[in-house]
Trainee: 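Submitted below is the structure of interest, expressed as structure tokens.
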Amino acid sequence: MGNNNENLNKNMPARFRSPSIVTWLCWVIFIAFIAMGLNNANISFERLGRGILNIGSFLGDAFPPDFSRIGPITLSIIETLEMALVGTTIGVILSLPLALLAATNTSPHPAIGTVVRGIILTLRTIPDLVFALIFVISIGLGPLAGILTIAVDTIGFCGRFFSERIEEIDKGPVQALESTGASRLGVISGSIIPMGFPSFVGTSLFAAEKSIRGAAVLGLVGAGGIGVELNTAMSLRNFDQALMIIIFILIVVLIFEKISSAIRKKVI
Amino acid sequence: MISLEVKNLTKVYPGATKALDDVSFQVNPGEGVVLLGHNGSGKSTLFRCITGFEKPTSGSIVIDDTDITKLSRNKLRPIRKKVGMVFQNFNLTYNLSVFQNVLFGALGHSKTAFHTFAPFASQQLREKAMACLERVGLAHLADRRADRLSGGQQQRVAIARMLMQDPEIVLADEPIASLDPVAGREVMDLLLEIVRERGLAVICILHQMDIVLEYGERIIALNAGEMVVNESIEKLDRTFLDSLYAKEESTEKERKVE
Ligand SMILES: Nc1ncnc2c1ncn2[C@@H]1O[C@H](COP(=O)(O)OP(=O)(O)OP(=O)(O)O)[C@@H](O)[C@H]1O
Ligand SMILES: [Mg+2]
């Protein structure tokens, strides 16, 4: 019996395990980065104190918000919304075929799947302000650059989530339609798109919310919308106007989030 | 009407599971065959080979004078159209209407899908879909979403979709395994009635012995991928069939290719 116990105890997992070398190394690198980062940011109590004072004086200047330019600002809010919606719509429409080419279960050829997944990955990893800069340089200042930026950004987002959803679709109904002699197109439109539809709508609405927030800052690099106004107000130190623009953006984003969650509930 | 001939069919899955081992049989037009065998004996694999979803390792399957094991996906389509499938878990497109699901039975009639979309389908096709639904007794539920039906009703919709396809052979893979005994018997009666009135050949995978004896004309039994019985039902009696199942179960094991 005693012998047996000893044998059992030998196999008992230890309470703690010393982490592997790799884990140690990761921790060391991580901590070194944090330390260097804090150091490079030049943090001092003096600077923090001054920052708080500056924010205070910004708020002091900003209140009360200045509603005198409400006309032009409303117009550019509308332009921002238009940019976001047009860009997202174009992006969603292009995402669906790309996702069908990318998903392993609908891709006509594995090589095509890999290439398309690579394209979607690239579009997703490059930040939208970088695309905005590229489009501003290539087609000029204004909302068109913003629309293209948002379309590209949406493809990166929706392309990925659409294709992941397509890959999760139940094989049974798909095979049932294939066994009626349906073509690839028939199977896609008869079972893959209808079954993925609620999820596609949800993802597209998230993309639209993301686009509206994104569109609000694209103006900072000259790609149209409310960001242009905000940039001007800030650099002319008209903080009361800037605050009013910020309040406007807040209201618009909140309203859109309400609408989109209502639609999402209806579809799902 | 077409016949089906399976010759020396062998299927070895990667990982060396021999799911089918030199299986040969023939099904004549209008014949009713019950396929028996314990779990993992290769029944579904046989069906997937017949519908071209699985390429057999060797052997041939001749449908309508064509060896389908050699066909490309596109050449398979007209053959698949002649082989109707009924599945254990119905496999409808659940978030669409019953009517739309039945219309999809006609997908094989053209290379696109447009002609089967309920709003755009021809009057003739829409009427045909309603007739198929009427045949399974669900015309009054045409507009309902498929996921708002009971299991028995869903299987009837699947049968209506299969009718829409105008098949000449029907393969039913445990069509009543997920239904309660009453609904199961109703669905089985309906399926057999329809198959007989249209003179279709049918291969049905079943596990319920009393139903097997009632409906089958011929019995084919698989055991570990080998065909162990291929006899008309008059020559078999209940005790033999029961013993067959008992024996099969006791020999259940992983089969590896040497
Ligand atoms: N895609 C696959 N890859 C590898 N092995 C498979 C695959 N599909 C089935 N098998 C194996 O082939 C054998 C036969 O499986 P099959 O599904 O044809 O049996 P079945 O007779 O339909 O069983 P059940 O009564 O449980 O439905 C099993 O051993 C199974 O594990
Ligand atoms: Mg099976």
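Lettering follows sequence order; numbering is per chain, from 1.
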Trainee: Can you say whether B:Phe87 sits under 4.5 Å from chain A via the side chain, the backbone, both, or neither, judging by heavy atoms?
Mentor: side chain
Trainee: Less than 4.5 Å to any heavy atom of chain A: does that hold for the side chain of B:Asn95, its backbone, both, or neither?
Mentor: side chain
Trainee: Cation-pi check, A:Arg264 to A:Phe206: give yes when NZ or CZ is under 6.0 Å from the six-membered ring centre and within 45° of the ring axis, no otherwise.
Mentor: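 Flagged: A:Arg264 positioned over aromatic ring of A:Phe206.
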Trainee: Against chain A, work out which of B:Lys111, B:His109, B:Arg48, B:Met164 has the most heavy-atom pairs shorter than 4.5 Å and name it.
Mentor: B:Lys111
Trainee: Non-hydrogen atoms of chain A under 4.5 Å away: do they reach the side chain of B:Phe90, the backbone, both or neither?
Mentor: neither
Trainee: Are the side chain of B:Arg77 and the backbone of B:Ser110 linked by a donor-acceptor contact shorter than 3.5 Å?
Mentor: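 Yes: the side chain of B:Arg77 pairs with the backbone of B:Ser110.
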Trainee: Would B:Arg80 count as a cation-pi partner of B:Phe53, with NZ or CZ less than 6.0 Å from the six-membered ring centre and within 45° of the ring normal?
Mentor: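 Positive - B:Arg80 is close enough to the ring of B:Phe53 and near enough to its axis.
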Trainee: Do A:Asp128 and A:Lys210 sit within salt-bridge range, that is, some charged N less than 4.0 Å from a carboxylate O?
Mentor: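 Looking at A:Lys210 together with A:Asp128, the answer is no, because their closest N to O distance does not fall below 4.0 Å.
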Trainee: For B:Leu92, is it the side chain, the backbone, both or neither that has a heavy atom under 4.5 Å from a heavy atom of chain A?
Mentor: backbone
Trainee: In terms of side-chain heavy atoms, does A:Ser179 have a donor or acceptor partner in B:Thr51 at a distance below 3.5 Å?
Mentor: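 The criterion, which ignores hydrogens and geometry beyond distance, is not satisfied for B:Thr51 and A:Ser179.
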